[in-house]
Every structure is written in C-alpha cells, then in structure tokens.
Amino acid sequence: MAEKEIMFNQAMEQLEEIVRQLEQGDVPLEEALTLYQKGMELSKVCHDKLQNAEKQLVTMMQEGKEVPVNLEDGSAK
Amino acid sequence: MAEKEIMFNQAMEQLEEIVRQLEQGDVPLEEALTLYQKGMELSKVCHDKLQNAEKQLVTMMQEGKEVPVNLEDGSAK
Amino acid sequence: MAEKEIMFNQAMEQLEEIVRQLEQGDVPLEEALTLYQKGMELSKVCHDKLQNAEKQLVTMMQEGKEVPVNLEDGSAK
Amino acid sequence: MAEKEIMFNQAMEQLEEIVRQLEQGDVPLEEALTLYQKGMELSKVCHDKLQNAEKQLVTMMQEGKEVPVNLEDGSAK
Amino acid sequence: MAEKEIMFNQAMEQLEEIVRQLEQGDVPLEEALTLYQKGMELSKVCHDKLQNAEKQLVTMMQEGKEVPVNLEDGSAK
Amino acid sequence: MAEKEIMFNQAMEQLEEIVRQLEQGDVPLEEALTLYQKGMELSKVCHDKLQNAEKQLVTMMQEGKEVPVNLEDGSAK
Amino acid sequence: MRDVYVKGELSNVKIHTSGHIYFTLKDDASRLPAVMFSANAKAVKFKPESGMTVLIRGDVNVYEASGQYQLYTQSMQSDGIGDYYLAFEQLKEKLAKEGLFNAAHKKAFPRFPKRIAVVTAPTGAAVRDICITLNRRYPLAHVVIYPTLVQGAQATQSIVQSIQAANQKDYDVLIVGRGGGSIEDLWSFNEEAVARAIYQSRIPIISAIGHETDTTIADFVSDLRAPTPTAAAELAVPSKAELLDRLLNYRSGMYRTTANAIAREKASLERLTTSFPLAYPDRLYRPFIERVERATESLRRETFQQFNYARERYKNLDKQLATRTPESRIRQSALELDALKKRIDQLAALAVRDNTQQLTSAMRTLDALSPLKIMDRGYSITYKDDKVIKSVEQVEAGDRLSISMKDGVLKTTVSERILTSEGERQDG
C-alpha cells in the first residue's frame with residue numbers, strides 16, 4: 001500500500017541506486033539478495049506506474065479530442 | 001464553473017506555462033500527467049472562448065459615456 | 001543455530017583464513033585437524049547459504065517475471 | 001594415560017631428541033636402552049595419533065562430501 | 001649386591017684397567033690372582049648386563065612391532 | 001705360620017738373594033749351609049704358592065667360562 | 001516706409017522672454033536692425049536663427065531711443081526650405097535630444113488585449129478599417145472609439161484630449177490613427193503637444209497616421225508605428241485563426257512531450273531491468289560458489305598435505321630409531337668383553353708360568369750351589385753344640401762332637417787334642 005504512494009521518480013532513483021550498488025559488486029550476499037528483491041519490487045512499481053500513466057494519457061487525449069474534432073480535422077488536414 | 005470565469009489571456013498564459021514546463025522535460029511523471037490534464041482543460045477553455053466570441057463589442061465615447069455603435073452604421077454616420 | 005546467524009561473507013572469509021593458516025604449513029597435527037573440521041563446517045554453511053540464495057533468487061525472478069512481461073512486450077515491439 | 005595427552009609434535013620432538021642422542025653414541029648402554037625404550041613408546045604414541053588423525057580425516061571428508069556434491073553439480077551444469 | 005649397581009661401561013673400563021695392569025707384567029702373583037678374580041667378576045657382571053639388555057631389547061622390539069605394522073600397511077597402500 | 005704370610009714375590013726375592021750370595025762363593029760353609037737350607041725352604045714356599053695359584057686359576061677359569069657361551073650363541077644366531 | 005519686402009540674412013538673433021525677437025538683417029553691403037513683436041512672432045512656423053536667409057514683410061521706422069532706422073517685422077518666411085519642413089526638423093531634433101524617441105521608453109504591448117481604445121475620427125475609412133480588422137482577428141477585445149478631430153486648428157488639442165481621456169480608463173492598447181492627407185492635413189501629429197501627450201501616455205500606443213510614406217513626430221514618439229490603420233489593428237491583437245492553430249499545436253505538443261517523457265522513463269526502466277544485476281541475478285552468488293569450492297578444495301589439500309608431512313616425518317624418525325637399536329652395541333660389547341676375558345685368562349696363566357720359570361731357575365741355581373756337594377768329595381763337618389768346629393782349640397778332650405758326612409752323622413767324643421803349627425798360625 002505504502003509503495004503505491006511513492007513517486008515514480010523516487011522509485012526510479014531507488015531502483016537506480018540499487019542497480020548501482022549491485023554493479024559495484026562488493027555487496028555482501030545477504031544484502032545483495034535483499035537489494036535484488038527490493039529492486040524487483042521497485043521495478044514492478046515503476047512498471048505499473050508507467051502503464052497507468054500511459055493509459056491516463058491516452059484517455060485524457062481522447063477526452064480532449066471529443067470536442068475539438070472539427071477544429072482538428074480542419075487544421076490538421 | 002471556475003473555468004468559465006477565467007480570462008482568456010490568463011488561460012492562455014497558464015497553458016503556455018504548462019507547455020513550457022512540459023517541454024523542459026524535467027517534470028516528474030505524475031506532475032507531467034497533472035500538467036497535461038490541466039493543459040488540456042485550459043486548451044479547451046481557450047478554444048471555447050475564441051470560438052464562442054462571435055462579434056466584437058464596439059462602443060463610442062461620447063461625453064464621458066460609452067455609447068454602443070453599429071460599426072457599419074457608426075461609420076456611416 | 002549460531003552458525004545460521006553468521007553472514008555468508010564472514011563464513012567465507014573465515015574459511016579462507018583457515019586455508020591460509022594451513023598453507024603457512026607449520027600447523028601442529030591436532031590443530032590442523034581442528035582447523036579442517038572448522039573449515040568443513042564453514043564450507044557447509046557457505047554452501048547452504050549459497051543454495052538458499054539460489055532458491056530465493058529463482059523464486060524472486062519468477063515472481064518478478066510474471067508482471068513485467070507486458071511491459072517488455074509493449075515497449076520492445 | 002599421560003602420554004595420550006601429549007601433542008603429536010611434542011612426541012615427535014622428543015623422539016627426534018632421542019634419536020639424536022642415540023646417534024651420538026656416547027650414551028651408556030643402560031641409558032641407551034632406556035632411551036630406546038622411551039623412543040619405542042613415543043613412536044607408538046605418534047603412530048597411534050597419526051592413525052587416529054587419519055580416521056578422523058577420512059570420516060570428516062566423507063561427511064563433508066555428502067553435501068557439496070549437489071552444489072558442484074548444480075553450478076557446473 | 002653393590003656390583004649390580006655398577007654401570008656396564010664402568011665395569012668394562014675396570015676390566016680393561018685390570019687387563020692393562022696385568023699386561024704391564026710386574027704384578028705380584030697374589031695381586032695378579034686377585035686382579036684376575038676381580039676381572040672374572042667384572043666379566044660376569046658385564047656379561048649379565050649384556051644378556052639382560054638383549055632380553056629387554058627383544059621384548060621391546062616384539063612389543064613395538066605389534067602395532068606399527070598396520071600404519072605402514074595403511075599408508076603404503 | 002709366619003712363612004705362609006709371606007708374599008710369593010718376597011719369597012722369590014729372598015730365594016734369589018740367597019742364590020746370589022751363594023754364587024759369590026766366599027760364604028763360609030756353615031753360612032752356606034744355612035743359606036742353602038733357607039733357600040730350600042723358600043723354594044718350597046714359592047712352589048706351594050705357585051701350585052695353589054695355578055689351582056685357583058684353573059678353578060676360576062672354569063667358573064668363568066661356563067656362562068659367556070650362551071651370550072655368544074644368542075647374539076651370533 | 002510702410003509694408004516693404006526685404007530679403008536678407010539673419011544675425012544677432014535674440015528671442016526675448018516676452019516673445020519679441022530682436023535681430024539684425026544684413027546683406028553683403030548693409031545692416032539693418034529689426035524687431036518682431038511676439039504677436040507677429042507666434043505665426044512663424046520655425047524658430048529664427050542667425051545665418052538663415054529670410055524674406056521679411058514689415059515697416060521701416062526710426063527708433064527714437066537710438067535715432068536709427070529699424071525694421072518692424074510683420075511676417076517672416078524662410079527662404080529656400082519650406083516652413084513645415086523646417087519646423088518638423090527642429091521639433092524632431094529637440095525631442096530626440098530630450099530622449100522622447102528612446103527605445104527604452106517604448107512600452108510593451110499585452111499579448112491578449114481586453115480593451116482597446118481608438119483615437120481617431122469617428123467616421124471615415126480609418127475607423128472602419130480598424131474596427132473590421134479587430135473584429136475579424138480577435139473578437140474577444142472590447143473596442144472603444146474616442147471621436148477626435150484629426151485635422152484643422154482644433155485637431156492638436158482634440159488629439160491631446162482624447163489621449164489623456166483614454167489614459168483615465170483601463171485600456172490595454174491605444175491606437176492613434178488617421179487616414180492619408182496633405183502635410184497640412186496631418187500637421188497636428190507633428191505638434192509638440194501631441195508628441196508629449198503620446199509620450200506621457202501610460203497605455204502603449206500604436207500610431208497609424210496617413211500612408212506608409214508619411215512619417216510624423218507622433219510616429220517617432222509612439223510605442224509602435226503602423227504603416228496603416230488596418231496594420232495598426234493587426235499589430236494590436238493576435239489572430240483568432242492563429243490562436244486556434246497554436247492551441248492545437250499546444251495540445252499535440254503537450255501530448256507529444258508527455259508521451260515522450262513516458263517513453264523515456266520506460267526506456268530508463270527497461271535499461272535498469274535489463275541491467276546486469278537485475279537481469280542476471282545469478283551473478284550475485286555464482287562467483288562465490290567458485291570461491292567457496294576453491295577454498296574447500298584447498299582446505300582438503302592443505303590438511304592432507306599437513307597430515308602426509310607429519311606421517312612422512314614420523315616414518316623417517318621411526319626408521320632412524322630402528323637403526324639406532326642398541327642390539328649392535330650389545331653385540332659389539334659382547335665381543336669386546338669376550339676378548340678381554342680371553343686376554344685376562346692368558347695374562348693370568350702367563351703370570352703363573354713366568355713365576356714358575358723364575359722359581360725353577362732359582363731352584364736350579366740353588367741346587368747347583370749347594371754346599372752339600374763338597375761332602376760328596378769326602379769332606380765332613382764337625383759340630384760341637386751345633387756349632388761348626390773350625391779349630392782344635394775350640395775343643396777340649398772329652399767334648400762330644402757330631403761329624404756330618406755325605407751320608408750321615410757320626411756321634412763321637414774327643415779323646416785328644418793335637419795342635420799343629422799350621423793350626424797355631426791360623427789361630428793367630
């Protein structure tokens with residue numbers, strides 16, 4: 001639940017930090033596992049947020065189009 | 001309702017500010033979506049205002065008072 | 001029980017320290033045996049921890065893969 | 001009983017000292033006999049300790065091998 | 001009784017001394033006899049000591065040989 | 001009795017002194033007779049002592065020879 | 001002389017505060033002092049300056065105070081350049097010096113004006129062009145026309161009043177306009193009063209006076225100059241069509257930037273999820289497997305090495321011990337003992353033998369020297385009381401004597417003692 005409230009950017013930054021730490025390679029095994037799990041969770045959170053954002057964007061665009069149709073047609077063509 | 005009361009120029013300026021912010025690209029995802037939504041709303045407001053204002057209000061200042069003028073007529077006077 | 005609480009890296013480093021002591025070569029026979037026993041125990045601890053890690057990772061990877069598939073498909077195509 | 005508590009290396013050192021003394025040759029006959037007897041006893045002590053160590057090693061090695069086999073297979077494949 | 005406590009080497013030396021004295025040749029007859037008797041006694045002492053030593057040795061070797069055989073077999077194979 | 005206590009060598013020396021005196025030849029007959037008689041006595045003394053000594057020696061030798069035989073056998077085999 | 005026309009060059013021009021102008025009119029040969037009273041001076045379009053060649057109409061009279069002739073000037077015209085041009089240039093120079101034309105003073109125009117004031121004649125092409133254009137381009141603005149005289153003697157004041165009146169109200173833009181005409185028709189817009197009114201306006205002003213070729217002082221002072229009234233309207237407001245177009249662009253732009261942002265983030269996420277640690281998590285533990293295996297292998301090897309070393313060392317020692325058995329020593333000692341024993345036997349026997357030889361030799365010599373051997377030849381020995389009798393004087397008749405002979409003893413008694421001379425001699 002709490003994860004849902006994290007901002008996408010924060011989640012991305014945390015994910016990047018985790019990847020960076022894991023890439024450095026001197027992380028103890030247990031911590032590496034914990035980081036990996038956290039990373040996978042963050043990855044999912046980010047993914048969901050992006051998918052949501054995409055849906056939202058498309059919805060908003062289509063709502064926006066309903067009225068200006070004539071205008072858009074007129075000017076776009 | 002509130003949107004109806006906003007002035008065209010304010011709406012345009014807010015819209016342009018939103019466009020500028022979005023183009024700068026460093027807007028967090030969630031805020032970008034919010035801005036997009038706000039932008040679409042403002043865009044609709046502006047569009048409606050432009051499209052709905054069919055005729056110009058023209059008056060003539062006569063003895064400190066504004067007197068309506070039928071332009072064709074007024075110019076004919 | 002106490003062994004379970006040792007960190008993998010600690011166990012591995014202790015194991016390597018034992019090997020280093022044996023490699024120095026002038027270890028009394030009884031101590032060599034004690035070191036060997038301790039070393040074998042550490043080796044087992046390390047091995048178990050690694051196997052656990054592998055299981056955990058496999059589980060996490062499978063959990064993680066279930067969702068991202070759509071994203072990967074969506075963005076890759 | 002007391003001999004059992006002597007360390008292998010100590011026994012070896014004592015045995016070496018006895019051999020050295022016997023080599024020097026100026027030991028009175030009776031002392032030579034005593035030394036030789038002591039030597040035989042130490043030799044037996046060392047021998048027993050070695051045999052014990054060997055048994056222990058073999059046992060520990062077999063116990064140790066039971067588990068790691070899986071890991072080796074797992075990681076090698 | 002006192003003779004039993006003499007060391008083999010001492011006895012041998014005394015015996016040699018007696019021979020040396022006798023070889024010098026100017027020993028009075030009675031003294032020569034006394035020396036001879038003393039020599040014979042020393043000879044017996046030495047002889048007994050040697051025999052004892054041999055017995056001891058044989059015993060020790062038989063005791064000593066019983067065990068080490070296994071080790072050598074074990075390690076040689 | 002007193003003669004028995006004389007040493008063989010003393011007796012021999014006295015005997016030889018008597019012989020020497022007699023050899024000088026200017027001994028009065030009466031003294032020569034006495035010396036001669038003394039010489040004869042001493043001769044007997046010496047002879048007896050020698051015979052005794054020889055007996056003793058043979059006895060001792062035989063006693064001495066009885067034992068060492070075994071050792072030589074034992075060690076030679 | 002009355003009502004004369006004189007042409008000459010102005011010099012020593014002094015303009016009195018009262019407005020009277022004093023000067024000298026001269027030509028190559030003569031000089032004539034002159035005065036122009038303020039009432040007449042007002043009508044002069046330009047400012048008289050020394051060096052100007054002018055045409056003067058006036059009267060010549062004697063000035064009583066000096067007794068000299070003086071020219072009393074009725075009117076003055078510049079010779080060569082027109083009066084208007086001169087006046088225009090002179091005002092332009094003056095205002096420029098004051099900084100009225102400076103770009104820094106130009107006011108900014110709002111992009112979307114709500115209220116627009118138009119200062120112009122209420123009738124005619126100019127107002128119609130402006131209103132039609134504004135309506136066509138931007139119907140959102142409210143246009144208020146300030147009817148103004150733009151020509152004739154009252155024009156200057158009317159223009160100044162309209163500008164000032166508009167400044168009392170809340171307008172975003174002020175258009176000051178007039179259609180085309182002669183320089184005299186447009187002259188009000190070259191008046192200093194109009195220029196200053198424009199300059200003082202807090203509302204930004206677009207000027208559109210006459211045709212494109214006409215340039216007035218008002219145009220210089222205004223914040224924006226339009227070539228025509230229609231152009232002024234176009235400059236004052238944005239175009240509705242353009243705005244609608246722009247809105248459309250904004251919408252697609254916003255969508256594009258947002259979609260791009262999402263795509264970018266997606267790519268970032270993709271990059272992260274396909275990064276080595278996340279895509280190949282087995283690398284998190286695999287290197288350790290090898291390390292542990294290596295250490296375990298070393299552990300076995302080293303332990304067995306240690307054990308083997310100990311065993312080898314033991315075997316060596318055990319072998320050495322075996323070679324150090326006292327057995328040989330015992331055997332050697334036995335041999336030595338045996339030798340000693342044999343030797344002592346020999347020596348003992350030798351001692352007995354030596355002594356025996358010595359004794360035998362002594363006995364043989366003794367035997368050879370035995371005094372008893374003399375009696376073998378017939379001698380005997382006479383004893384008296386065990387004493388050997390060597391002289392007859394030792395014996396008395398009747399003494400008992402023993403005579404020892406080779407083969408026995410004779411016991412006798414002395415019967416007689418006979419002394420011989422030899423015996424006597426021997427005695428003595």
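In the text below, chain A, chain B and the rest are named by the order of the sequence lines, each starting its count at 1.
- Using a 4.5 Å cut-off on side-chain heavy atoms (C-beta onward), A/M12 and G/L272 make contact.
- Contact detail for A/A32 and G/L284: the closest heavy-atom pair is O-CD1, 4.1 Å.
- With values rounded to the nearest 0.5 angstrom, A/E23 atom CD is found 8.5 Å from G/L278 atom CG.
- Within 6.0 Å of NZ on G/K169 lie no more than 12 heavy atoms contributed by other residues, nucleotides or ligands.
- The NE2 atom of A/H47 lies 9.0 Å from the OG1 atom of G/T273; values are rounded to the nearest 0.5 Å.
- Residues A/L15 and G/L269 meet the side-chain proximity criterion, which asks for heavy atoms closer than 4.5 Å.
- Within the 4.5 angstrom heavy-atom criterion, atoms from both the backbone and the side chain of G/Y285 approach chain A.
- The number of heavy atoms from other shown groups lying within 6.0 Å of CD (G/E290) does not exceed 12.
- Around atom CZ of G/F304, more than 12 heavy atoms belonging to other residues, nucleotides or ligands sit under 6.0 Å away.
- Heavy-atom distances place the side chain of G/R271, and not its backbone, under 4.5 Å from chain A.
- Across A/V19 and G/P277, no two heavy atoms sit closer than the pair O-CG, 3.8 Å.
- A salt bridge is absent between G/E265 and A/K49; no separation between the charged side-chain nitrogens and carboxylate oxygens falls under 4.0 Å.
- At a 4.5 Å heavy-atom cutoff, G/A241 makes no contact with chain A through either its backbone or its side chain.
- Rounding to the nearest 0.5 angstrom, the gap separating the OG atom in G/S275 from the CZ atom in A/R20 is 12.5 Å.
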